[in-house]
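Working notes for the structure below.
In what follows, chains carry the letters A, B, and so on, assigned in the order in which the sequence lines appear, proteins first and then strands, with residues in each chain numbered from 1.
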Amino acid sequence: MADQDFFTNKGPFGLLEIIDKTGATALVDTKISKIISDVAPLDKADADHISFLDNVKYKEQFSATKAGAVFCHEDVAHLAPKNTVCLISKSPYKAYALAAQMFYPIYQNEGSISPNAIIGEGAVIGRNTIIEAGAVIGKNVKIGEGCFIGANASITHTIMGDYCRIYPGVRIGQDGFGFAMDPAGHVKVPQLGRVVIKDHVEVGANSCIDRGSGPDTVIGEGTWIDNLVQIGHNVKIGRGCILIAQSGIAGSSVVEDYAVIAAQAGVAGHLTIGMGAQIAAQSGIMRDVPSGEKFMGSPGAPIKEYLRQVAFLKKAIKR
Amino acid sequence: MADQDFFTNKGPFGLLEIIDKTGATALVDTKISKIISDVAPLDKADADHISFLDNVKYKEQFSATKAGAVFCHEDVAHLAPKNTVCLISKSPYKAYALAAQMFYPIYQNEGSISPNAIIGEGAVIGRNTIIEAGAVIGKNVKIGEGCFIGANASITHTIMGDYCRIYPGVRIGQDGFGFAMDPAGHVKVPQLGRVVIKDHVEVGANSCIDRGSGPDTVIGEGTWIDNLVQIGHNVKIGRGCILIAQSGIAGSSVVEDYAVIAAQAGVAGHLTIGMGAQIAAQSGIMRDVPSGEKFMGSPGAPIKEYLRQVAFLKKAIKR
Amino acid sequence: MADQDFFTNKGPFGLLEIIDKTGATALVDTKISKIISDVAPLDKADADHISFLDNVKYKEQFSATKAGAVFCHEDVAHLAPKNTVCLISKSPYKAYALAAQMFYPIYQNEGSISPNAIIGEGAVIGRNTIIEAGAVIGKNVKIGEGCFIGANASITHTIMGDYCRIYPGVRIGQDGFGFAMDPAGHVKVPQLGRVVIKDHVEVGANSCIDRGSGPDTVIGEGTWIDNLVQIGHNVKIGRGCILIAQSGIAGSSVVEDYAVIAAQAGVAGHLTIGMGAQIAAQSGIMRDVPSGEKFMGSPGAPIKEYLRQVAFLKKAIKR
């Protein structure tokens with residue numbers, strides 16, 4: 001279904017091979033010799049396509065699909081059309097993602113450095129890493145294996161692990177915003193730290209990660225950062241975090257493993273967002289957030305408290 | 001008045017020709033043989049300049065202007081100095097815009113591709129399109145006629161119409177933020193859609209438009225997007241919309257024709273902002289907004305309701 | 001302490017010379033013949049390092065430091081270990097900044113223009129200015145002495161003073177967002193002003209400054225702008241202001257000298273933020289703010305009023 005001007009389909013694959021690579025279980029044995037030529041949404045799929053149902057909102061599309069196979073939860077499998085093989089998974093969306101990666105691989109088997117990229121003296125680029133046109137890699141920067149550095153990104157003062165994906169226009173390693181205020185003119189504090197990016201990190205288009213002022217700025221393994229996000233100097237972000245578009249983390253704050261910072265939210269400086277905490281969109285966090293808590297609002301409060309405030313106001317104006 | 005180091009004045013023009021091209025009506029016939037050499041604000045204009053009055057706040061500048069001609073509404077024409085020709089228009093600002101475009105044309109008569117731009121294999125660039133230095137156009141991208149692609153912009157997986165203006169540093173067509181969360185590491189979902197941009201679209205500096213995950217991301221004809229705006233994957237934006245700086249539209253939401261999203265506002269995913277709806281600055285929209293409605297606040301509410309909440313709180317703290 | 005792959009230490013320096021250049025006063029004379037080889041945080045410093053204590057929160061690190069010398073306020077000097085020379089300063093952080101600049105100078109003694117930068121016809125670049133790879137400088141742009149223009153930045157229609165630092169990906173001088181709305185299609189108003197940037201201005205990564213529509217957009221001397229900030233057309237920003245990450249100033253507003261606009265705050269168009277006013281993070285300012293006042297909230301209000309509202313709501317939901 002994907003526009004072949006832009007995407008190259010590595011299929012077809014046998015359904016058995018797909019089952020094997022995604023960890024799904026076929027509900028019936030009879031049709032698993034099928035050949036699958038592509039992935040597709042439920043409502044666009046044909047008999048040689050594979051699709052998924054994760055959100056029950058789409059169950060009518062599921063009942064009417066022409067897809068040859070569909071990843072789904074066990075409890076909805078009885079709704080499938082009779083020509084569709086149900087592939088049972090606890091996470092149908094993840095199974096679909098893995099299948100789609102078979103047809104359209106994320107990581108390439110060979111690296112390339114665009115002749116229009118600029119690689120600084122002493123920079124080390126790992127094998128199978130792709131560096132696109134206009135990217136500027138600073139002196140002595142280290143980039144691991146299997147990374148992707150998008151067009152017109154710039155990276156200085158950085159040590160990056162393997163399999164990171166840095167999107168176009170990202171800025172990594174420039175000076176943090178550090179100065180001593182003075183009526184006669186703010187005095188710049190030299191920013192003497194680096195940016196350390198662990199393996200499997202994604203940084204979305206035009207996002208910015210400043211280098212540390214002395215300590216390093218650190219992005220933990222498997223953390224995903226969306227577009228136009230700001231990460232201040234000395235920030236430490238743990239493993240597996242999600243930072244959604246246009247959010248910002250001010251200098252020296254800590255975001256622990258698996259925390260989620262939703263779109264346009266802001267975290268003030270020198271705070272800790274605990275492990276697995278979730279910060280709602282547009283929240284403004286001005287104090288530490290304990291592990292596992294959900295905060296919302298500006299100033300941010302525990303989400304139940306915030307929603308009670310919203311309900312109170314809604315009621316108050318009706319009096 | 002414009003600095004001739006940066007702008008080239010294509011004038012002078014006869015006042016008659018300006019009247020003809022802007023659809024305005026001269027209040028008197030006697031002086032319309034004037035020659036106009038430039039546009040200028042009321043307070044800086046000379047006898048050979050043309051200006052406009054749209055906001056009555058500036059009526060004193062109007063009464064004192066030396067401009068040779070001024071676009072204005074009929075009901076203020078009597079305030080004009082006697083040497084100034086009033087050009088009556090229902091939209092003086094629009095008439096001024098059209099006149100200013102005569103002196104300083106927006107679209108050029110001939111295209112050019114900077115030798116420092118990178119054009120991917122199979123990309124098609126329409127005639128009279130300008131591509132500036134450092135822009136990176138991906139494989140098989142299609143760009144229509146009369147477009148402008150600013151310095152260091154990057155465009156992949158995109159089909160673009162005619163007369164679009166893409167400002168410096170814009171990112172179009174990179175992967176959307178799509179993944180299945182998993183404790184063992186988020187699993188990337190291949191993003192297999194495109195970005196489709198219709199005619200006469202503007203996209204402001206450093207804004208980002210992600211490509212679709214399967215469906216396309218679509219920007220409708222004549223929609224204007226300001227700087228640092230985020231458009232998530234699968235978003236559909238209608239015709240003639242306005243998205244002001246630092247606003248963001250999350251994945252799969254629909255913004256119908258002529259809607260306005262003001263600065264720093266956010267629209268959550270999978271919502272519909274109805275035709276002609278207006279979303280105030282910094283609003284956080286978490287539900288569908290009906291056509292023609294005005295919403296404000298975070299969480300966003302109908303503007304009257306929100307303003308009553310603001311007034312209630314203001315009063316409550318005085319008790 | 002700084003990674004010598006990325007930073008070049010110009011030291012060592014004698015403590016006397018450091019005292020002389022920072023204006024600090026040694027509490028005792030006996031040890032000022034020391035040689036200092038680097039700067040370091042209190043907890044990482046060795047006997048040949050210099051550090052600082054500005055925030056009493058870190059006084060325990062101070063008492064335990066191995067630093068050879070520490071900038072501090074007079075009233076904490078008695079807490080210093082006996083082998084540490086206290087250098088008394090009214091602004092220890094500023095003194096530290098000046099010392100750190102000795103070891104790691106901000107401004108270079110010689111300029112350079114990357115062979116991969118694009119310099120437009122007629123552009124004038126001052127001496128000792130550095131222009132990095134991929135930067136695009138437009139026709140007739142003027143850039144003063146000792147400036148730094150980061151990788152992939154783009155600058156058009158601009159007159160820039162001396163000692164400015166423009167970070168990677170910054171967009172300066174593109175068209176402002178000016179148009180006459182019209183159901184048949186928005187009509188672009190040619191943007192005929194420039195951007196004027198005075199001396200010692202910093203503009204953070206991926207920030208955008210649009211040129212004026214007729215008047216100029218102006219950034220005053222010594223103003224510092226963080227990453228991802230939006231400055232609309234015709235905005236006038238005074239001297240010594242601070243604009244923190246992701247904030248935005250809409251068209252034609254005025255920010256007077258020494259005002260501070262915190263992160264993610266927005267200022268609507270045609271307003272004045274008075275001298276020395278402070279706008280809290282995420283505030284949405286919809287009216288003029290008098291000099292010296294502190295505003296917070298969206299819509300923004302005097303900070304005491306806003307905090308009373310927050311306290312009221314917190315209490316109200318407990319009833």
Between atom [atom1] of [X] and atom [atom2] of [Y], what is the distance when rounded to the nearest 0.5 Å?
{"X": "A:Cys208", "Y": "C:Asp226", "atom1": "SG", "atom2": "CG", "value": "9.0 Å"}
{"X": "C:Asp3", "Y": "A:Asn140", "atom1": "CG", "atom2": "CG", "value": "8.0 Å"}
{"X": "C:Leu228", "Y": "A:Ser207", "atom1": "CG", "atom2": "OG", "value": "7.0 Å"}

Which residue out of [options] racks up the most heavy-atom pairs below 4.5 Å with chain A?
{"options": "C:Val310, C:Leu98, C:Ile242", "value": "C:Ile242"}
{"options": "C:Lys314, C:Glu202, C:Lys94", "value": "C:Lys94"}
{"options": "C:Gly134, C:Ala262, C:Gly150, C:Gly169", "value": "C:Gly169"}
{"options": "C:Asp54, C:Val39, C:Ile106", "value": "C:Ile106"}

Open item on the list: Using side-chain heavy atoms (C-beta onward) and a distance below 4.5 Å, is A:Phe177 in contact with C:Asn227?
Closed with: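 No, too far: nothing below the 4.5 Å cut-off.
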Task: Distance-minimising heavy-atom pair for A:Gln174 and C:Pro168 - done: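 In terms of heavy atoms, the two residues are closest at CB-CD, 4.1 Å.
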TODO: Locate the shortest heavy-atom distance separating A:Phe312 from C:Ala316; write the atom from each residue and the value.
DONE: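 What the structure gives for the nearest pair is CZ-CB, 3.5 Å.
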In a table with atom names and distances, give each donor-acceptor pair under 3.5 Å that connects a side chain of residues 290-309 of chain A to protein atoms at least two apart or in another chain.
| residue | atom | partner | partner atom | Å |
| --- | --- | --- | --- | --- |
| A:Ser291 | OG | A:Met275 | N | 3.2 |
| A:Ser298 | OG | C:Gln282 | OE1 | 2.7 |
| A:Tyr306 | OH | B:Ser298 | O | 2.9 |

Under 4.5 Å heavy-atom distance to chain A, tell me which part of [X] shows up: side chain, backbone, both or neither.
{"X": "C:Ala281", "result": "neither"}
{"X": "C:Phe103", "result": "neither"}
{"X": "C:Arg239", "result": "neither"}
{"X": "C:Tyr104", "result": "both"}
{"X": "C:Glu132", "result": "neither"}
{"X": "C:Tyr93", "result": "both"}
{"X": "C:Val260", "result": "side chain"}
{"X": "C:Ala133", "result": "both"}
{"X": "C:Lys44", "result": "neither"}

Do other residues, nucleotides or ligands put more than 12 heavy atoms under 6.0 Å from the [atom1] atom of [X]?
{"X": "A:Lys198", "atom1": "NZ", "value": "no"}
{"X": "C:Gln4", "atom1": "CD", "value": "yes"}
{"X": "A:Met286", "atom1": "CE", "value": "no"}

Open item on the list: Donor-acceptor check, side chain of A:His186 to backbone of C:Gly240, threshold 3.5 angstrom: yes or no?
Closed with: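 The answer is yes, because a donor-acceptor pair under 3.5 Å joins these two groups.
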- [ ] Look at the side chain of C:Gln101 and the backbone N and O of A:Pro190, then say whether any donor-acceptor pair between them is shorter than 3.5 Å.
- [x]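 No, the answer is negative, given that no donor and acceptor are paired below the 3.5 Å cut-off.
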With chain C as the partner, which of [options] has the greatest number of non-hydrogen pairs under 4.5 Å?
{"options": "A:Leu313, A:Asn152, A:Asp216, A:Thr158", "answer": "A:Asn152"}
{"options": "A:Leu192, A:Asn206, A:Asp210", "answer": "A:Leu192"}
{"options": "A:Gly232, A:Ala184, A:Ser213, A:Ala180", "answer": "A:Ala180"}
{"options": "A:Gly185, A:Gly248, A:Gly122", "answer": "A:Gly248"}
{"options": "A:Gly214, A:Ala135, A:Ala268, A:Gly193", "answer": "A:Gly193"}
{"options": "A:Ser283, A:Gly212, A:Ala311, A:Ala250", "answer": "A:Ser283"}

TODO: Flag the pair C:Asp5 and A:Lys139 as a salt bridge only when some basic side-chain nitrogen lies within less than 4.0 angstrom of an acidic carboxylate oxygen.
DONE: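 A salt bridge is absent here (no side-chain N lies under 4.0 Å from a carboxylate O).
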[X] portion near chain C, given a 4.5 angstrom heavy-atom threshold:
{"X": "A:Val229", "result": "backbone"}
{"X": "A:Ala265", "result": "backbone"}
{"X": "A:Thr156", "result": "neither"}

Open item on the list: Give the interface residues of residues 112-119 of chain C toward chain A, defined by a heavy-atom separation under 4.5 Å.
Closed with: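 Near chain A, by residue number: C:Asn116.
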Open item on the list: Using 30° and 60° as the class boundaries, would you call the ring planes of A:His157 and C:Phe6 parallel, tilted or perpendicular?
Closed with: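 A:His157 vs C:Phe6 ring planes: tilted.
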